[in-house]
Amino acid sequence: MEEKDFFDLSDRVALITGASSRGIGNQSAKVLARYGAKVFLTARREDKLQETVAEIEAAGGTAAYKTCNVADPNECKAAVEACVAEFGRLDIMVLSAGISGLSISGGTDTAFDIDNWKNVQSINLDGVFYMVKYGWEECAKNGAGSIIPIASLAAWKAAGSVAYTATKGAIRSMTPCIAKLLAPHGVRFNTFYPGFIDTDMTHAATEYEPFVKSKLPNIPMGRFGDVDDCAYGVLYLASDASRFMTGQHLVVDGGELC
Ligand code: NAI
């Protein structure tokens with residue numbers, strides 16, 4: 001008897017937000033495509049999306065894109081519709097669009113900046129809410145739905161600004177609630193929490209010696225993460241390998257939370 005490959009996504013379609021930079025969303029899209037999913041990339045920068053579509057196609061995968069600002073509910077709805085128009089279905093959503101907002105090094109002035117609070121909220125939290133609102137019913141149609149917001153260690157401890165922490169903590173709180181709502185519809189909802197990962201968002205810090213010296217001793221595995229450390233965790237949550245898991249939290253941080 002042929003053994004089922006639980007990581008095989010060849011009949012699935014995945015929509016990824018925040019897929020334009022060389023970050024977690026972008027690499028997750030490439031890995032999901034490598035495992036057979038048709039991937040629909042969204043973010044704001046069209047040239048970057050085109051580049052990634054071309055890379056995925058050159059590697060033998062199937063990809064398409066639409067620009068989408070996740071802070072705008074109409075654009076989120078349009079992205080889901082465009083994905084279904086392109087590929088005929090939607091099963092997986094990886095919600096990686098996010099910003100860190102003003103740096104915490106600005107102290108209390110930046111920490112309590114109202115514009116920053118609203119901006120971070122509108123992208124990191126509202127963006128996840130809108131995508132789930134407009135995408136879950138499509139994910140339910142084929143019985144193998146999986147929605148994976150990308151939160152942060154900031155949902156568990158003081159890391160990042162007040163605004164950033166609030167949005168990631170809210171996603172953590174929503175996780176069991178949304179999971180219970182969607183489980184009877186055949187959609188799983190598990191949140192992914194990266195530790196410190198070297199991406200466009202964080203790369204400058206990895207080259208700033210005082211930061212590296214203070215940060216690395218707090219990571220028991222002794223290094224920053226890379227995008228593959230995250231993308232294969234996302235693959236696990238997207239695929240049937242995690243088919244009996246919902247409402248859960250996957251922390252990939254080299255042991256930092258310990
Ligand atoms: P990144 O900057 O490479 O990726 C973020 C993506 O979101 C970019 O493609 C950016 O263009 C996009 N984006 C920003 N605002 C958007 C908007 N309004 N609409 C649509 N797309 C928008 O950064 P990275 O590191 O890959 O971050 C991905 C997610 O992982 C974020 O949610 C971030 O908060 C989270 N994260 C990252 C960590 C890290 O150390 N890199 C640690 C913990 C969480």
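Values in this document were obtained by computation on a predicted structure and should not be read as measured data. No hydrogens, no waters, no symmetry mates; every other heavy atom, side chains included, goes into these values. One is the number of the first residue; the rest follow in order along the sequence. Remember, it's 1-based here, ligands and their atoms both numbered in the order they're listed.
Polar contact with ligand 1: absent for Leu153 (N/O pair, distance under 3.5 Å). Checked against a 3.5 angstrom limit, the closest N/O atoms of Ile24 and ligand 1 fall inside it. Polar contact check, Ile123 against ligand 1: no nitrogen or oxygen pair lies under 3.5 Å apart. At under 3.5 Å, a nitrogen or oxygen of Ser21, whether backbone or side chain, sits near a nitrogen or oxygen of ligand 1. Any N or O atom pair closer than 3.5 Å counts here, and Ser152 shares no such pair with ligand 1.
For ligand 1, the atoms lying closer than 4.0 Å to a non-hydrogen atom of Ile150 are 29 (C), 30 (O), 32 (O), 35 (C). Residue Gly23 has at least one heavy-atom neighbour below 4.0 Å for each of these atoms of ligand 1: 3 (O), 26 (O).
Atom NZ of Lys215 is surrounded by more than 12 heavy atoms from other residues, nucleotides or ligands within 6.0 Å. Few gaps surround NZ on Lys157; more than 12 heavy atoms of other groups in view lie less than 6.0 Å from it. The number of heavy-atom neighbours closer than 6.0 Å to NZ of Lys4, taken from other residues, nucleotides and ligands shown, is above 12.
Residue, atom and distance of the protein heavy atom nearest to atom 5 (C) of ligand 1 are Gly98 O, 3.7 Å. Atom 19 (N) of ligand 1 has its closest protein heavy atom at Val70 N, 3.0 Å. Counting only heavy atoms of the protein, atom 44 (C) of ligand 1 lies nearest to Ala151 O, 3.0 Å. If you check which protein heavy atom lies closest to atom 18 (N) of ligand 1, you get Asn69 OD1, 2.7 Å. Counting only heavy atoms of the protein, atom 27 (O) of ligand 1 lies nearest to Met201 CE, 3.9 Å. Tyr164 OH, 3.5 Å is the protein heavy atom nearest to atom 36 (N) of ligand 1. Remark: minimum distance from atom 43 (C) of ligand 1 to any protein heavy atom is reached at Pro194 O, 3.4 Å. Nearest protein heavy-atom neighbour of atom 25 (O) of ligand 1: Thr199 OG1, 2.6 Å.
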Please evaluate residues Thr191 and Arg172 with respect to the criterion side chain to side chain donor-acceptor pair (under 3.5 Å), reporting the C-alpha separation (whole Å), side-chain torsions for both, the decisive distance (0.1 Å), and the verdict. CA-CA 7 Å; Thr191 295; Arg172 177 184 165 197; over 6 Å; no
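For Ser122, the closest heavy-atom approach to ligand 1 does not fall below 4.0 Å. Using a 4.0 angstrom heavy-atom cutoff, Lys168 counts as in contact with ligand 1. Every heavy atom of Thr17 sits 4.0 Å or more from the atoms of ligand 1. Within the 4.0 Å heavy-atom cutoff, Tyr193 does not count among the residues contacting ligand 1. Within the 4.0 Å heavy-atom shell around ligand 1 one finds Arg45. Heavy atoms of Gly195 come nearer than 4.0 angstrom to ligand 1 in at least one pair.
Going from atom CE of Met174 over to atom CG of Leu181 covers 11.0 Å, rounded to the nearest 0.5 Å. One distance of note links CG of Asn190 with OG1 of Thr175; it measures 8.0 Å at 0.5 Å rounding. Here the OG atom belonging to Ser239 is positioned 8.0 Å from the CD1 atom belonging to Ile92, to the nearest 0.5 angstrom.
Looking at Arg44 and Ser20, their side chains never bring a donor and an acceptor atom within 3.5 Å of each other. Side-chain atoms of Glu46 and Tyr65 include a donor-acceptor pair closer than 3.5 Å.
Asp198 and Arg22 are not joined by a salt bridge, as no carboxylate oxygen comes within less than 4.0 angstrom of a charged side-chain nitrogen. A salt bridge links Arg223 and Asp229; the closest N-O separation between the charged side-chain nitrogens and carboxylate oxygens is under 4.0 Å. A salt bridge does not link Glu137 to Lys141: none of the charged nitrogens lies less than 4.0 Å from a carboxylate oxygen. At a threshold of 4.0 Å, the pair Glu55-Lys30 counts as salt-bridged, since one of the basic side-chain nitrogens sits closer than that to a carboxylate oxygen.
When the options Lys48, Arg22, Gln27, Arg44 are ranked by their closest heavy atom to atom 14 (C) of ligand 1, first place goes to Arg44. Taking each of Ala79, Pro149, Ser20 in turn, the one with a heavy atom nearest to atom 9 (O) of ligand 1 proves to be Ser20. Among Ser96, Ser100, Ala154, the residue whose heavy atom sits closest to atom 31 (C) of ligand 1 is Ser96. The closest non-hydrogen atom to atom 21 (N) of ligand 1, taken over Ala155, Ala19, Ala97, comes from Ala97.
For Tyr134 and Phe129, the ring centers are positioned 6.0 Å apart or more.
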